[in-house]
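Written below as structure tokens is the structure these notes are about.
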Amino acid sequence: MTKDILKIGGEEFSSRLFLGTGKFSDTKTMIEAVKASGTELVTVALRRFNREQAEDDLYGPLSELSTVRVMPNTSGAMNAKEAIRAALLGRELSKSPIVKLEIHPNPHHLLPDPIETYEAAIELVKQDFIVLPYIPADPVLAKRLEDIGCAAVMPLGSAIGTGKGLSTADMIKIIVRDANIPVVVDAGLRAPSEAARALEMGCDAVLVNSAIAAAGQPAAIAAAFKIGTEAGRAAYNAGLMPTSEVAVATSPLTSFLK
Amino acid sequence: MKLTVNGEPHEHQGGETPDALLEELGAKKEHTALLLNGSVVPSKEWKTTTLNENDEVEMLVFVGGG
């Protein structure tokens with residue numbers, strides 16, 4: 001039996017749920033949620049070292065999770081140049097070429113800048129990064145990024161932290177249809193059912209942060225997201241029934257009751 | 001030596017290397033990445049790179065992020 005492994009840029013994952021580590025009330029809660037989710041990939045951000053806030057440094061706690069890879073993001077970058085610098089810094093610490101490329105200069109909507117992202121991606125691919133760009137759900141941009149060598153694309157479901165779910169579903173379906181690299185829905189998911197829906201649509205994975213960190217019980221909802229993601233993938237592999245415009249009976253419509 | 005460290009003025013007392021600076025500031029070397037005047041300095045070069053007056057240093061660590 002095949003194990004339905006997800007391959008991104010030479011890395012293999014048996015979990016299709018990736019987690020962001022931001023917004024948790026404390027590191028202990030985050031680690032519990034990470035463990036409950038079964039994830040094998042978490043994102044981290046870079047921030048200035050602050051002696052007074054040493055407990056925010058996640059290097060130690062995440063190093064203890066031997067099955068979890070760390071993917072630095074480039075959040076904070078306003079443009080391609082800053083994102084490239086952030087990626088280089090991240091790689092120094094993670095010792096891994098995998099990077100989440102995110103450039104969202106406007107704090108009101110946090111939508112990714114497609115032009116800066118494209119330019120940064122070209123340079124990062126040249127510098128042998130495994131690039132996972134966070135993008136608007138734009139099928140043309142997704143294909144362009146695939147063409148220049150990104151390892152996957154990460155279209156948003158909705159704006160970061162809004163919990164508005166798969167508002168871009170129709171565009172994501174087009175991206176999935178045309179992509180030859182994995183498609184990871186990233187941002188905006190709120191419920192495990194949405195993770196299931198993304199996987200049922202043919203997406204290869206989901207990246208979830210706020211939905212878990214800001215939930216009532218992060219570890220519990222992380223476990224629910226694990227189940228939802230697995231259900232969605234199993235359904236996709238099983239093949240959903242065809243839809244019909246007219247009713248198709250499931251029971252025999254015999255007339256013996258007259 | 002006057003430096004700017006993480007955006008703040010800093011009077012560095014120790015040796016003129018990033019390695020000495022990290023020691024002075026109590027940063028865990030394995031957890032920290034370094035920019036010197038906008039360029040990444042790999043950790044293997046921390047003992048051999050010279051800091052100069054008015055250099056801008058950024059020390060970065062991993063924190064929670066999506």
Side-chain angles (χ1 to χ4, degrees), chain A residues 18-27 29-30 42-63 70-76 81-82 84-95 100 102 110 134 160-161 186-187 207-213, chain B:
Chain A
F18 302 155
L19 247 61
T21 57
K23 279 180 172 161
F24 285 89
S25 51
D26 52 65
T27 301
T29 304
M30 183 272 287
V42 300
T43 54
V44 291
L46 287 165
R47 199 194 64 195
R48 283 169 164 169
F49 163 71
N50 184 336
R51 202 175 200 161
E52 315 300 317
Q53 294 177 321
E55 70 281 1
D56 291 348
D57 182 342
L58 296 184
Y59 188 101
L62 290 173
S63 301
V70 173
M71 173 164 70
N73 68 29
T74 63
S75 67
K81 185 161 161 238
E82 290 177 7
I84 291 161
R85 191 180 289 141
L88 291 167
L89 285 164
R91 185 162 65 176
E92 284 296 308
L93 284 177
S94 70
K95 312 281 189 285
K100 172 175 167 177
E102 61 179 294
L110 293 177
Y134 171 57
I160 295 168
D186 177 11
L207 200 162
V208 178
N209 192 161
S210 300
I212 292 174
Chain B
M1 172 189 298
K2 283 189 176 50
L3 301 172
T4 303
V5 179
N6 288 356
E8 301 290 323
H10 175 75
E11 188 61 48
H12 177 53
Q13 311 290 346
E16 290 171 2
T17 65
D19 190 82
L21 179 63
L22 266 78
E23 289 240 3
E24 181 182 278
L25 293 170
K28 287 190 175 142
K29 292 174 197 177
E30 206 190 7
H31 299 199
T32 312
L34 201 87
L35 282 174
L36 176 57
N37 299 326
S39 298
V40 176
V41 181
S43 55
K44 62 184 192 290
E45 294 172 20
W46 288 352
K47 287 187 174 155
T48 52
T49 303
T50 309
L51 295 173
N52 296 302
E53 194 78 22
N54 298 319
D55 271 350
E56 289 182 12
V57 179
E58 293 281 349
M59 296 163 49
L60 290 310
V61 296
F62 280 159
V63 294

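Because only heavy atoms are used, hydrogens play no part in the values below, and waters and symmetry mates are left out as well, while side chains stay in. Letters A, B, ... mirror the listed sequences (proteins, then strands); counts begin at 1.
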Option that, when pairs with chain B are counted at under 4.5 Å, heavy atom only, ranks first among A/L89, A/L58, A/V42: A/L89

Atom of A/A45, atom of B/G64 and distance for their closest heavy-atom approach: CB-O, 3.8 Å

Which of A/L62, A/N50, A/L93 touches chain B most, by non-hydrogen pairs under 4.5 Å: A/L93

Greater than 12 external heavy atoms within 6.0 Å of A/K95's NZ: yes

A/D56 portion near chain B, given a 4.5 angstrom heavy-atom threshold: both

Distance in Å, A/F49 CZ paired with B/M59 CE, rounded so as to fall on 0.5 Å steps: 5.0 Å

A/K81, NZ: over 12 other non-hydrogen atoms inside 6.0 angstrom: no

For A/D57 against B/V61, the heavy-atom pair lying closest together: OD2-CG1, 3.9 Å

More than 12 heavy atoms of other groups within 6.0 Å of A/E82 CD: yes

Nearest non-hydrogen partners of A/R85 and B/G38, listed with the distance: NE-O, 2.9 Å

Residue part contacting chain B, namely of A/V208, when any heavy atom lies under 4.5 Å: neither

Minimum heavy-atom distance between A/R51 and B/E24, given as atom pair plus value: NH1-O, 3.9 Å

A/L46 side, atom CG; B/T32 side, atom OG1 - distance, nearest 0.5 Å: 11.0 Å

Best-contacting candidate, B/V5, B/L34, B/L35, against chain A by heavy atom pairs under 4.5 angstrom: B/L35

Contact leader toward chain B among A/M30, A/R48, A/R47, where contacts are heavy-atom pairs under 4.5 Å: A/R48

Residue part contacting chain B, namely of A/E102, when any heavy atom lies under 4.5 Å: side chain

Side chain, backbone, both or neither of A/S94 within contact of chain B (heavy atoms, under 4.5 Å): both

Residue B/E30 excluded, over 12 heavy atoms near CD under 6.0 Å: no

Engaged part of A/K100 at the chain B interface, taking heavy atoms whose separation is under 4.5 Å: side chain

